[in-house]
Amino acid sequence: MNDSPIWHPFTQHGLGEPVPQVLRAEGAVLHTADGRRIVDAISSWWVTTHGHCHPAIMAAIRTCAEQLDQIIFAGWTHAPAEAVAAGLRALMPPALTRVFFSDSGSTSVEVALKMALGYWLHRGEPRDRIMVMEHSYHGDTIGAMSVGARGVFNRAYAPLLFDVATIPFPAAGAEQATLDALEKHCRTAPAALIVEPLVLGAGGMLIYPPWVLAEMRRICSHHGVLFIADEVMTGWGRTGTLLACEQAGVVPDILCLSKGLTGGAVPLAVTMAIEPIYAAHYASDRARMFFHSSSYTANPIACAAAAANIAIWREEPVRERVAALGLRQAARLEALTSIPGVHNPRILGTIAAVELGSGEGAYLSALGPRLLDFFRARDVLLRPLGNTVYVMPPYCIDDADLDTIYEAIAAAAESLF
Ligand SMILES: *Cc1c(COP(=O)(O)O)cnc(C)c1O
């Protein structure tokens, strides 16, 4: 197992845990080299929306790969990118008029932060302070880590991270403290607030209500502070609506999308912006252009997959499927709550979570590896965040596979406590 030269992400190789090889994926199921059938309960780290190897997305990739592989995107364009941009304009809030491509959720966040600072500089009132929410996660590049929670994940890199203004997580009953802190920071003319709308993913599937999101948006608007919604995880139906912001009637100034953008098939991201942000960079002066690119910006094959995903949203009853999955999960979650050792059950759209045991929820909680082993032995791909076990399956998962997941969680709760 350890003779592979591969250094895996978020993996402590010193623990000698097995690294199974996946040969094939289909719907909500992975097939491994050692012949096992694994239920993908976390959509392969939150990316797979419609299911693995959706035929329309695979066909779009195949067709594009036969005619256009990759092309410089500075000063050039191609049909798949145009189709994605037009599709997003039709699907997303009309105020978000501009589409900037990049390659991952982290880079979509970097782009959002750079857009915000560019906006203020080019308006002639430079601002650089970013406001963030406690327990947030926005990615693993330096800027994205800077606006995310500080902890064991990034302690070694702390000297590289820039300072931010942090508002508390709006825990039930303490929402006003969040809004008060935001109001206070807004008076110091910050550039932007960046938030994960309605649910903080990597922070532990922490859910807060739409009215708080709406209030945060209102406060930012009132003070003329840019509002950045990082919908990298929450976008594409995860929370029950296409965007989580919808549930609060909120339209952000800048929107980050990635994970489900291609249905989870290949990497791609976009950062969408309102017209004034684009307009602030628009000039005959080349020094005001938006200075960001990566070699593979808007790769045609990735764009073809994203265009196919957008077509699926247009043509298939995805919203109904998502709503039904929410109900199917809610019933199973309810059944779990009678087990002692299962705490704080919560659900938002297709995301369900519980805490197991009474220990604190720290990411490195000793329970984590035991749970991972337990679920692995039952052929279920679950990856608890500390003692928080969450289920976030592809929307196509069938009842039998959903049962397998919830039976595994029930068995873990019963046998480990
Ligand atoms: C996963 C995630 C990111 C980072 O996306 P990557 O594609 O892994 O770089 C950013 N923000 C949120 C909310 C995420 O869940």
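Ligands are counted one by one from 1 in listed order, and the atoms in each one are counted from 1 as well.
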For residues 255-274, dump all side-chain donor-acceptor pairs below 3.5 Å to protein atoms at least two apart in sequence or in another chain.
unit_1, atom_1, unit_2, atom_2, d
S258, OG, G105, N, 3.3
S258, OG, L268, O, 2.8
T262, OG1, G264, N, 3.4
T262, OG1, A265, N, 3.2
T262, OG1, V266, N, 3.2
T262, OG1, V266, O, 2.6
T271, OG1, S108, O, 2.9

Identified ring-ring contact (aromatic ring centres under 6.0 Å, His included) partner of F100 from the options F290, Y278, F73: F290

Check against side-chain hydrogen bond (donor to acceptor under 3.5 Å, both in side chains), S102 and T107: CA-CA 6 Å; S102 64; T107 52; 3.1 Å; yes

Sequence-distant partners of D180, salt bridge (Lys or Arg N to Asp or Glu O under 4.0 Å), two or more places apart: none

Per-ligand residue contacts, ligand 1, heavy-atom threshold under 4.0 Å: W46, S104, G105, S106, Y137, H138, G139, E196, D230, V232, M233, K259

Parallel, tilted or perpendicular: rings of F10 and F153 (30°, 60°): tilted

Salt bridge (Lys or Arg N to Asp or Glu O under 4.0 Å) against R319, all qualifying residues, sequence neighbours excluded: none

